[in-house]
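Report on one structure; see the data block that follows.
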2 protein chains.
Amino acid sequence: MKSEQIIASLKELVATGEAPGKVLTDPADLESYGKDWTRIYAPNPLAIVLPKTTEQVQALVKFANENRVALVPSGGRTGLSAGAVAANGEVVVAFDNMNQILDFSASDRLVRCQAGVVTEQLQNFAEENHLYYPVDFASAGSSQLGGNLSTNAGGIKVIRYGMSRDWVAGLKVVTGKGDILDLNKDLAKNNTGYDLRHLFIGAEGTLGFITEATMKLSRQPNNLTVLVLGLNDLGNTMDVLKTFQSGLDLTAYEFFSHQAMGHVLAHGQVQAPFETEAPYYALLEFEATSDQVMDDAMSLFEQCMENGWVLDGVISQSETQAQNLWQLRERISESIAPRTPYKNDISVVVSKVPGFLQEIDEVVTNHYPDFEIIWFGHIGDGNLHLNILKPENMAKEDFFEKCQQVNKWVFEIVEKYQGSVSAEHGVGMTKKPYLQYTRSEAEIAYLRGIKQVFDPKGIINPGKIFD
Amino acid sequence: MKSEQIIASLKELVATGEAPGKVLTDPADLESYGKDWTRIYAPNPLAIVLPKTTEQVQALVKFANENRVALVPSGGRTGLSAGAVAANGEVVVAFDNMNQILDFSASDRLVRCQAGVVTEQLQNFAEENHLYYPVDFASAGSSQLGGNLSTNAGGIKVIRYGMSRDWVAGLKVVTGKGDILDLNKDLAKNNTGYDLRHLFIGAEGTLGFITEATMKLSRQPNNLTVLVLGLNDLGNTMDVLKTFQSGLDLTAYEFFSHQAMGHVLAHGQVQAPFETEAPYYALLEFEATSDQVMDDAMSLFEQCMENGWVLDGVISQSETQAQNLWQLRERISESIAPRTPYKNDISVVVSKVPGFLQEIDEVVTNHYPDFEIIWFGHIGDGNLHLNILKPENMAKEDFFEKCQQVNKWVFEIVEKYQGSVSAEHGVGMTKKPYLQYTRSEAEIAYLRGIKQVFDPKGIINPGKIFD
């Protein structure tokens with residue numbers, strides 16, 4: 001089928017029903033809808049379709065199957081692994097116009113959303129209803145729920161609230177074969193055969209399209225209080241974590257290096273937490289629900305000081321101060337962005353973090369002593385963001401080439417530590433060559449087998465996760 | 001292959017390695033290992049194999065594939081849906097001799113267990129290490145971890161701690177094709193393609209054998225306190241739940257009818273919680289971590305009294321009293337067991353419980369006014385256990401026949417309310433004919449497709465969940 005014919009057919013397909021969808025073919029739209037935040041692959045979609053209903057999505061999938069047209073799902077396009085990039089003439093199916101909150105039950109604490117609902121929109125909706133949607137991360141202002149679920153997004157509260165996966169009560173999906181499935185029916189308990197909901201979560205849109213999701217909400221946290229600690233040694237991050245977890249339910253346990261904080265402070269608008277300099281910093285958050293909890297926190301802090309693990313610390317006395325302390329962690333990415341950072345999002349079992357980090361740090365430093373390494377991450381989940389800054393005097397191409405070499409060293413260490421080559425960013429295209437460092441050949445064969453069941457013609461997001 | 005040849009081969013297969021397994025063929029063993037708690041199907045296995053290692057399990061599966069021998073996994077045999085029954089000459093693979101705790105990390109709060117570890121053994125191990133394994137239910141003393149995970153067991157703390165699924169960091173499995181897979185590597189965050197861990201959880205052993213599981217542990221709860229309330233009306237269960245959830249993190253919200261309590265009291269050793277009689281009772285549990293929490297609980301209780309939802313109530317003042325109050329709920333099953341109850345384990349979205357229960361109650365009572373209906377369950381999860389007692393003067397066969405008719409009415413109402421025909425007991429053989437009331441034909445086709453990927457010759461637990 002010729003391109004013009006395909007576009008004409010797409011227009012017909014989504015013109016149906018009370019709420020017709022749209023088809024875009026302007027070069028600017030193709031450019032913007034064809035990419036995500038990776039900026040590695042040049043976007044090159046054939047057209048952008050903005051459906052309004054699940055039935056229109058189903059019609060698109062059926063048409064794609066009949067005519068062997070590749071479809072790429074697109075949410076807020078904030079992905080960091082090129083999971084939603086259309087670089088090969090695919091038709092992008094974007095959910096911007098399916099962004100309604102359809103239903104809400106306060107007693108059940110459940111909210112049914114279309115896939116295009118923006119994370120922040122859901123967070124705000126929960127707050128207006130005196131509830132809480134706890135999955136939170138930097139791109140919450142533009143990422144969409146369908147994308148979040150397709151990458152099983154994590155973020156800064158995983159230690160207490162888990163991943164996106166843990167907040168899904170039900171999903172409506174259109175499979176790669178064109179079937180509409182209502183998965184799990186929003187039930188808290190339902191043991192009736194394989195849970196397909198968990199298969200679609202984290203599938204990066206390769207099995208079909210998520211068109212609706214019913215999300216669970218939680219009660220609002222009480223008096224969130226932040227502690228920032230200066231640590232003497234990397235290994236102390238684990239001692240401090242263990243000590244605080246023995247007496248408190250932490251809602252966050254984040255980590256950043258002195259170098260990372262240096263960039264944030266140089267970037268401006270944020271102040272150092274205290275005068276003492278430390279090689280590493282930990283940010284802890286907890287609900288100070290009573291004076292008792294606050295006393296417990298202070299005594300755990302003193303314990304850590306006495307053991308020499310902590311050099312200095314500060315505790316927030318107000319919500320504003322808590323938010324300011326969070327800036328030390330949250331502004332790292334933007335403060336280093338001008339330095340073209342090489343990024344990796346890797347994880348190991350929590351207790352292995354210090355050895356794992358050190359080993360990577362050494363191999364990079366030994367080979368490239370002029371590379372500046374910035375470490376930060378969700379250390380309470382064993383999840384580190386490794387960022388390497390391009391030396392000022394090195395050409396971009398040269399830097400990228402060397403980073404390919406770094407990738408191999410990093411992932412070999414990941415494999416040795418039984419870790420993950422993608423803790424929360426997914427595989428997409430950028431991690432595809434490295435999937436075997438985390439998943440065995442045998443496992444990957446089963447992934448392919450499952451893909452075949454849901455999308456036998458390989459028309460949904462081809463070339464993502466595996467070939 | 002003849003039976004004798006198969007048995008001889010099985011003996012050879014598990015005789016390998018430092019830890020040889022066993023094969024049993026005594027009629028008493030065949031009888032006891034061939035069944036679960038359902039007692040509907042006559043057990044009729046060919047042999048029982050008790051492997052000691054994952055490699056032996058792999059050898060069994062490869063042999064079974066080559067010789068088309070059906071294998072049935074067997075844990076503590078406490079299942080309530082005949083998911084682990086061997087009624088057709090299958091070879092039972094039982095995990096009693098793979099019951100070791102292999103590894104434990106206090107910092108990670110992770111414990112690696114063989115599949116045959118008994119639930120209580122894991123609970124006790126956690127307690128000895130000042131931690132907590134929160135999945136708990138009546139059969140904890142004999143159910144095995146492999147079976148718990150294969151049925152995604154729930155129990156009495158789901159409202160706070162979730163299902164078994166939520167406590168699995170990693171799984172070692174042998175697929176139906178004979179591959180050994182290490183799933184998720186115990187990571188907190190790992191977004192690298194479809195999460196096969198979640199596919200094996202709840203698969204009732206139809207995709208392969210779980211041989212090891214790394215389980216997460218939690219901090220121990222503090223000062224668990226129990227409230228038992230007498231409710232005026234079924235609908236009030238929801239008002240009370242909502243009220244208490246607005247101010248407390250409940251660890252349990254259970255429900256039982258006046259009839260249910262009557263049987264427990266008649267059974268002896270347990271006292272009524274208070275003198276006031278009420279048609280329904282709710283049991284709430286929470287951590288009374290401070291005086292503040294206790295004050296909050298009392299003021300929520302008063303709020304419920306003032307609204308007329310609660311007629312009377314009692315709160316535990318000690319651990320012993322809390323345990324005694326739990327008896328009111330936990331002894332229901334054993335107190336009605338002599339009356340040959342017809343049992344169903346069904347669920348709906350929480351807020352729909354009152355209408356759902358009433359509709360089922362009415363249809364049964366209208367048709368069979370002499371049937372005594374006993375309602376209880378995990379109402380905070382929307383999960384009800386429907387028990388109907390055989391009238392004293394009715395023949396068993398007659399009762400069972402009528403119950404088949406009741407099944408159809410119940411499941412039609414389940415379907416109407418978009419509920420589950422098996423909230424926590426799985427499908428096995430007993431719910432197989434009713435699967436379509438919860439899963440659509442299209443969904444079931446995908447389940448079959450997935451089965452085909454992992455077990456193309458259909459040798460692992462055939463005839464369970466679907467044909």
Side-chain angles (χ1 to χ4, degrees), chain A residues 105 107-108 110 151-152 154 158 163 166 175 179 181-182 185-196 198-199 202-203 219 238 242 245-246 290 292 347-351 381-383 418-427 431 435 438-440 442-443 446-447 449-450 453-454 465-466, chain B residues 105 107-108 110 151-152 154 158 163 166 175 179 181-182 185-196 198-199 202-203 219 238 242 245-246 290 292 347-351 381-383 418-427 431 435 438-440 442-443 446-447 449-450 453-454 465-466:
Chain A
S105 162
S107 332
D108 295 307
L110 291 177
T151 54
N152 185 26
V158 172
M163 308 287 280
D166 300 301
T175 69
D179 291 307
L181 306 182
D182 270 308
K185 302 184 163 157
D186 309 346
L187 299 167
K189 282 182 169 177
N190 176 26
N191 285 345
T192 53
Y194 320 146
D195 196 331
L196 302 183
H198 284 296
L199 208 47
R219 69 156 174 79
M238 294 298 121
K242 204 178 155 185
Q245 276 192 316
S246 71
S290 67
Q292 180 63 52
S347 74
V348 286
V349 166
V350 180
S351 63
D381 320 310
N383 180 191
Q418 302 246 354
S420 176
V421 298
S422 189
E424 51 178 9
H425 295 169
V427 178
K431 293 293 168 64
L435 185 60
T438 295
R439 310 291 295 257
S440 68
E443 264 193 275
Y446 287 103
L447 302 192
I450 291 169
V453 170
F454 286 87
I465 305 180
F466 45 74
Chain B
S105 163
S107 332
D108 295 308
L110 291 178
T151 53
N152 184 26
V158 172
M163 308 287 280
D166 300 301
T175 68
D179 291 308
L181 306 181
D182 269 309
K185 302 182 163 156
D186 309 346
L187 299 166
K189 281 182 170 179
N190 176 27
N191 285 344
T192 52
Y194 320 145
D195 196 331
L196 302 183
H198 284 295
L199 207 47
R219 71 157 173 76
M238 295 297 121
K242 204 178 155 186
Q245 275 192 318
S246 72
S290 67
Q292 181 62 53
S347 75
V348 287
V349 165
V350 181
S351 63
D381 319 311
N383 180 191
Q418 302 245 354
S420 176
V421 298
S422 189
E424 51 178 10
H425 295 168
V427 177
K431 293 292 168 63
L435 185 60
T438 294
R439 309 292 293 258
S440 68
E443 264 194 275
Y446 288 102
L447 302 191
I450 290 169
V453 170
F454 286 86
I465 305 181
F466 45 75

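Convention: sequence-line order gives letters A, B, ...; per-chain numbering from 1.
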Side chain, backbone, both or neither of B:F466 within contact of chain A (heavy atoms, under 4.5 Å)
side chain
Distance (rounded to the nearest 0.5 Å) between B:N152 CG and A:T192 OG1
10.5 Å
Contact leader toward chain B among A:Q292, A:K431, A:Q245, A:R439, where contacts are heavy-atom pairs under 4.5 Å:
A:R439
Side-chain heavy-atom pair B:Q418, A:D182 within 4.5 angstrom cut-off:
no
Measure the CG-CD1 distance between B:N191 and A:I465 for me, rounded to the nearest 0.5 Å.
10.0 Å
With only heavy atoms counted, which part of B:V158 is less than 4.5 Å from chain A, the side chain, the backbone, both or neither?
side chain
By a 4.5 Å heavy-atom criterion (distance strictly below it), what part of A:T151 contacts chain B: side chain, backbone, both, or neither?
backbone
I need the residue from B:S246, B:S420, B:A423, B:A203 with the largest number of non-hydrogen atom pairs under 4.5 Å to chain A.
B:A423
Can you tell me if A:S351 uses its side chain to pair, donor with acceptor, with the backbone of B:S107 under 3.5 Å?
no
Measure distances from A:M238 to the heavy atoms of chain B and classify the residue's part below 4.5 Å as side chain, backbone, both or neither.
neither
Tell me which one of B:L199, B:I450, B:T175 satisfies side-chain contact (heavy atoms from CB on, under 4.5 Å) with A:Y446.
B:T175
Checking heavy atoms, do the side chain of A:L435, its backbone, both or neither come under 4.5 Å from chain B?
side chain
Just so I understand: if I count every heavy-atom pair under 4.5 Å between each of B:H425, B:K242, B:E424 and chain A, which residue has the most?
B:E424
Using non-hydrogen atoms and a 4.5 Å limit, figure out which bit of A:V350 sits close to chain B: side chain, backbone, both or neither.
both
Among A:A442, A:S422, A:G449, which residue has the highest count of heavy-atom pairs closer than 4.5 Å to chain B?
A:S422
Region of B:L196 that comes under 4.5 Å of a non-hydrogen atom in chain A:
both
For A:L181, which atoms come within 4.5 Å of any heavy atom of chain B: side chain, backbone, both, or neither?
side chain
Just give me the residue among B:L110, B:D195, B:D166 that pairs up with chain A most often, heavy atom to heavy atom, under 4.5 Å.
B:D195
Min side-chain heavy-atom separation A:M163-B:K189 under 4.5 Å
yes
Which of A:D108, A:V349, A:D179, A:V421 touches chain B most, by non-hydrogen pairs under 4.5 Å:
A:D108
d(A:L187 CG, B:D381 CG) to nearest 0.5 Å is 11.0 Å
